[in-house]
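Since the structure comes first, as structure tokens, the remarks are kept for the end.
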Amino acid sequence: MNEQQTLWQFMSMESDKLLSQTVQHIGLTFISLLFAIAIGLPLGILIARRRKLSGIILGVAGVLQTVPSIALLGFMIPILGIGAKPAIVALLIYALLPIIRNTYTGIIGIDKHIIEAAKAMGMSKSQILFKVEIPLAMPVLLAGIRTATVINVGVATLASYIAAGGLGEFIFGGISLNNTNMILAGAIPAALLAILLDGLLALTQKLDFKKLKKVLIFSSVFLIFLTAFYVLPSAYGSGLKAGFTPEFMGRQDGDLGLKSAYGLKIKTVVISDAVMYKAAFSKELDVISGYSTDGRLKAFGLKILKDDKGIFPPYYAAPIVNQASLSKFPELEDVLNLLAGRITDSVMTDLNYRTDYLHQTPEKVARDFLVKVGLYKSPKGGAGETIKIGSKIFGEQYILAEIYSMLIKGNTNYQVETKTGLGGTKICFDALVNNQIDFYPEYTGTGLLAILKPDNKIVSQISHNKDETYRYVSDEFSKKYKIKWLKPIGFNNSYALMMRQKQSSEIDVNTITDLKNYLDKN
Amino acid sequence: MIELKNVSKKYGETIAVNQVSFEVKEKENLVLLGTSGCGKTTTLKMINRLINPDEGEIILNGQNIINQNTEILRKGIGYVMQNIGLFPHYTVEENIAIVPKLLKWDKKKIQDRVYELTEKLHLPTNSLKLFPNELSGGQQQRVGLARALVSDPAVLLMDEPFGALDNVTRTSIRKEFKDLEELKRKTMVMVTHDVEEAFELADRICLMDKGNIMQIGTPKELLFNPANDFAKTFLDGQRLALEFKIVTIEDIWEMLPNAMHTTKSLSANVSVWDAMEKLRSTQATELQFSNKTQQYKSASFDELIKAFNQYKNFTKHE
Ligand SMILES: Nc1ncnc2c1ncn2[C@@H]1O[C@H](COP(=O)(O)OP(=O)(O)O)[C@@H](O)[C@H]1O
Ligand SMILES: [Mg+2]
């Protein structure tokens, strides 16, 4: 009950955002659906006429559908940039297959005698198409549109990865910030939307053709109206544009701090970490919220703006382990501590650079590193119990997980299972608490701000000192969750604002204060 | 009215129709008869260009159909098919009104014509607002016929029009069909594999086998002067019944004993078969007949048979 109330409170507090995200979500879904119909319907008709083409066209549409959504969005960026355009195109591509396929099967499924009768009565090709084929294929066609709509409502949540808005902003922001209410505030409306649209379309499938015709006319007007809602975010103006991750948007040591401590006012879009650096590189964005050790910093020629007011506290990275696992695997702690203090900032940046930019596999990078520092031992091939390692869904965590896996295999008889790519902080942490994994690498700042979430007083007292932060989180974690913070690995990964090196020197912006002054002048 | 000249159609290696030529006169009903796969449907569909021939030409009203706009050509030819092919998303009324709508008739005219046809074809008026799947098979077939007749085309093509019906419905609809005034003024080509049906409805029959015409002629010619063994054996199974049905009292008039004028005489147009049926059903020993010239004849069962046999011998040696 309490949970529900706070969810309600969250939703009413954030009702502006919720409304605009919902509108964006509906807009995205329907614009792409409209385009998908405009392309898919003629294609479906074409392949029903020229059956030989059906294999190729359905095949291509099918392959496009299997491209993972994030990858598809990623492919779009070099071509279409970020924002609404690539999101609409990606959604359109997903919606295409069910529409083409159902138009095709709907038309070829029509009793051929009916078509023959139509011909024999002297109907022209277009009369047959509009008066016979489309009406008779309509139930199947509508089923395709229905499938496409539901797919689109779902995939549209990912639009927030590339700054196209939608309910994904809450969902992914909530996942990174470990904020259940925020997740639900995005997920519930998205689910309701899917159910509602699915239900409405199911109703239309039951109508006979006469009524359907009226409904169709009405709903296409309605559709166009809806899509008009989604004003393309093209009116960004000439100033600088920032892209921040959903997590950064909601954190005190993120956007909130930028606003309160620096008074920074910049046009901001929400974007995923995965595409943010590239978008900055290709001048889609000017300012991004990156991690200080990220390899892409080096790869894309970006420069960190100095945090002259110190709002981004440095974060130690350290493995956090379930205490139950420590007693179950007595050798574990010592093995993990082998890495303590071994990876400095520059080493970590270099390791990240190897995976992100040189495209080396995390295994290779991990192995090369261990060999270099003399910690590598070939696996013992032990048959002991299995330790499960988790990692969040980004490169640095993959590398750390691999390093730990090699250390365990080389020094103990335990077996190892890695569960990489466990989404954001929330997913990883929940997995740990629920014993789905035994440990994963975490950052003290994230532990403080995203998991413990103490009140602001405590945060401001301790968060500027990395050792105090470490002490605080390790005490609280062991009390609250029976989770132990092992020794820090060495590097600090903190948030940082970044710009292209070239632009930064052109406009002479080197610190966040410089940025604020520049923005105020222009 | 309709003329086919050396028309052929091939599907890969199969010759569906081979060098077919025939003429259908105005208001004549030509029946294409043959077993399944002999090329009847293909022949028929070439007349309204649902299929285009590989060779030969088809002349309709003195014009080669190749030179006509297909859509206009088809609007002028009624077409009834075995599978009926009603539009399932149209009501009965809308189904019947398809061609007039294409021809842009005004609403009133369409409605009047639809009502007229439903009456003539014994369709219940409340069925007009129903959808085809709500009708019985026989009713659907009538709607199919109404749809083909609605614009009163001079030419009517029918592909196994009673093929989808059960036997009882089939026989009764066929009877109605024969008496339908609308149909008497049509030039018709009808396809069937049913010999009895062909004999009942045809002015002339075109007997086909493997794409070739085996014989073309009146039912009597087919029965009594088969052109070849195929034509002969094709009818053998039902020969006797067909002969009784096709030979009329008029045909055997001379061989029947004279009679006095009676009030209860039958028309000489009835077939020998019908006369025998009448004798059997009324348990009478004799029947009286009258012909157009007001002459009278009477006959018992034996006398009928005797006259019939004489007639047969005569026509065979003709
Ligand atoms: N579209 C087609 N493709 C290939 N063969 C066909 C096609 N239509 C008809 N045929 C062949 O042509 C022959 C004549 O067919 P059809 O005219 O339908 O015969 P009928 O109507 O007398 O039963 C048959 O052997 C049939 O298999
Ligand atoms: Mg046929």
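Every chain is numbered from 1, with letters handed out A, B, ... down the list of sequences. Everything quoted here is computed from the prediction, not taken from an experiment.
No more than 12 heavy atoms of other residues, nucleotides or ligands shown are found within 6.0 angstrom of NZ on B/Lys27. Taking a 6.0 Å sphere around CZ of B/Phe22, one finds it holds more than 12 heavy atoms contributed by other residues, nucleotides or ligands. For B/Lys210, the NZ atom counts as loosely surrounded, since its 6.0 Å shell holds 12 or fewer non-hydrogen atoms of other residues, nucleotides or ligands.
The closest side-chain heavy-atom distance from A/Lys119 to B/Tyr79 is not below 4.5 Å. Between A/His113 and B/Ile84 the shortest side-chain heavy-atom distance does not fall below 4.5 Å.
If you measure heavy-atom distances from B/Arg147 to chain A, the contacts under 4.5 Å come from the side chain alone. With a 4.5 angstrom heavy-atom cutoff, B/Ile72 does not touch chain A via any of its atoms. Looking at B/Ile77, only its backbone comes within 4.5 Å of chain A, counting heavy atoms on both sides. Within the 4.5 angstrom heavy-atom criterion, atoms from both the backbone and the side chain of A/Met123 approach chain B. Using a 4.5 Å cut-off between heavy atoms, A/Lys112 makes no contact with chain B at all.
Shown here for B/Pro88 and A/Ile114, the closest heavy-atom pair between the two residues is CD-CD1, 3.5 Å. Considering every non-hydrogen atom in both B/Gly85 and A/Ala117, the closest pair reads O-CB, 3.3 Å.
Sorted by first and then second residue, the salt bridge (charged side-chain N to carboxylate O under 4.0 Å, His left out) pairs with a member in residues 73-94 of chain B read A/Lys210-B/Glu94, B/Glu93-B/Lys129; sequence neighbours excluded.
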List the atom pairs, donor and acceptor, that lie under 3.5 Å between side-chain atoms in residues 45-64 of chain A and the rest of the protein, sequence neighbours left out.
{"residue": "A/Arg49", "atom": "NH1", "partner": "A/Glu133", "partner atom": "OE1", "Å": "3.3"}
{"residue": "A/Arg49", "atom": "NH1", "partner": "A/Glu133", "partner atom": "OE2", "Å": "3.3"}
{"residue": "A/Arg49", "atom": "NH2", "partner": "A/Glu133", "partner atom": "OE1", "Å": "2.7"}
{"residue": "A/Arg51", "atom": "NE", "partner": "A/Ala48", "partner atom": "O", "Å": "3.0"}
{"residue": "A/Ser54", "atom": "OG", "partner": "A/Arg51", "partner atom": "O", "Å": "2.6"}
{"residue": "A/Ser54", "atom": "OG", "partner": "A/Tyr104", "partner atom": "OH", "Å": "3.4"}

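In this structure, A/Asp111 CG and B/Phe87 CZ are separated by 11.0 Å, a value rounded to the nearest 0.5 Å. In this structure, NZ in B/Lys101 is found 12.0 Å from CD in A/Gln127, a value given to the nearest 0.5 Å.
Between chain A and the options B/Leu103, B/Leu102, B/Val99, the largest number of non-hydrogen pairs under 4.5 Å is found for B/Leu102.
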